[in-house]
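The block underneath contains the structure these notes are about, expressed in structure tokens.
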Amino acid sequence: MVSFDDVQRLNRGYVLKPASATDTGQSQVVPILAYYVHHPDGGILFDAGIAPLDAETEEFYRPHRVDLSETLERHGRSLSDVRVVVPCHLHFDHIGDLAQLVGRPVVVQRTEHELAKEPGYTVDGLADDDTISWELIDGEEELMADIRIVPTPGHTAGHQSMVVRAEEGTLVLAGQAFDTASEYSAAYLNLSVSTGSNSNVDIPDLPYPDWLPHLQSFRPSAVVFAHDLPMWTTAS
Ligand SMILES: [Zn+2]
């Protein structure tokens, strides 16, 4: 079983969302985070950075990339520690380094792999790239002891999260299941109140994703994200 110290958050850089693409009408820095889990059966890389883009998309997002080896080394790890790659989904900011990781299985939902064949979904030709060792799964799967992949569709239909049972508690690597910890928190509160025992008030329909009760059934002590520095933690 891993400990919290075996789970590292990797800074993979950022993209700049132009004002035209945000809800606020102001430009926004979107951090790109990945996670490395140093499991006794081999290192797991959850998300793989920003892919090279065509000139137009590069100009639109003005990405800043942090080298994978460099960020792993900052945590005392190396590329050779990585045994398996688990992208939360296949958009361009989660699969950038697959070429450096040839030979490792890349575990994705079959649904997501199918979506990636659609033009404009991600980097052209990604799903048909046979230098990548795709390992397609259908739904939930125990990847290694105490490491479970759980579908969390929404941002994309084949989005997946990873539940890490560690000595000190359970962590959920939630990728882009929600963009921010605050949004996750709001959905969690909706779930808690909807399923709580307060019968004195008429509870309105409070939205939360179908998968949230199951994800919360692992009783995570923290949930971390691909594009937000804060994490969600429980309040007791
Ligand atoms: Zn993303």
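Here, residue 1 is the first one in the sequence, and each next residue gets the next number. Just follow the structure's listing: the first ligand is 1, and inside any ligand the first atom is 1.
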For [X], what is the atom name of its N, O or S atom nearest to the Zn ion (ligand 1)?
X      : answer
His227 : NE2
His94  : NE2
Asp93  : OD2

With the threshold set at 4.0 Å, does a side-chain nitrogen-carboxylate oxygen contact exist between Glu58 and Arg65?
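A salt bridge is present here (some side-chain N lies under 4.0 Å from a carboxylate O).
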By the definition side-chain contact (heavy atoms from CB on, under 4.5 Å), identify the one residue from Val150, Leu143, Leu171, Leu173 that meets it with Val163.
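Single pass found, and it is Val150.
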Whether the His94 and Gln176 side chains hold a donor-acceptor pair (N or O, under 3.5 Å, no angle test) is what I'd like checked.
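On atom types as modelled, these side chains qualify, holding a pair under 3.5 Å.
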Taking atom types as modelled and ignoring hydrogens, do the side chains of Thr156 and Glu112 form a donor-acceptor contact shorter than 3.5 angstrom?
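Looking only at side-chain atoms, Glu112 and Thr156 do form a donor-acceptor pair, the distance falling under 3.5 Å.
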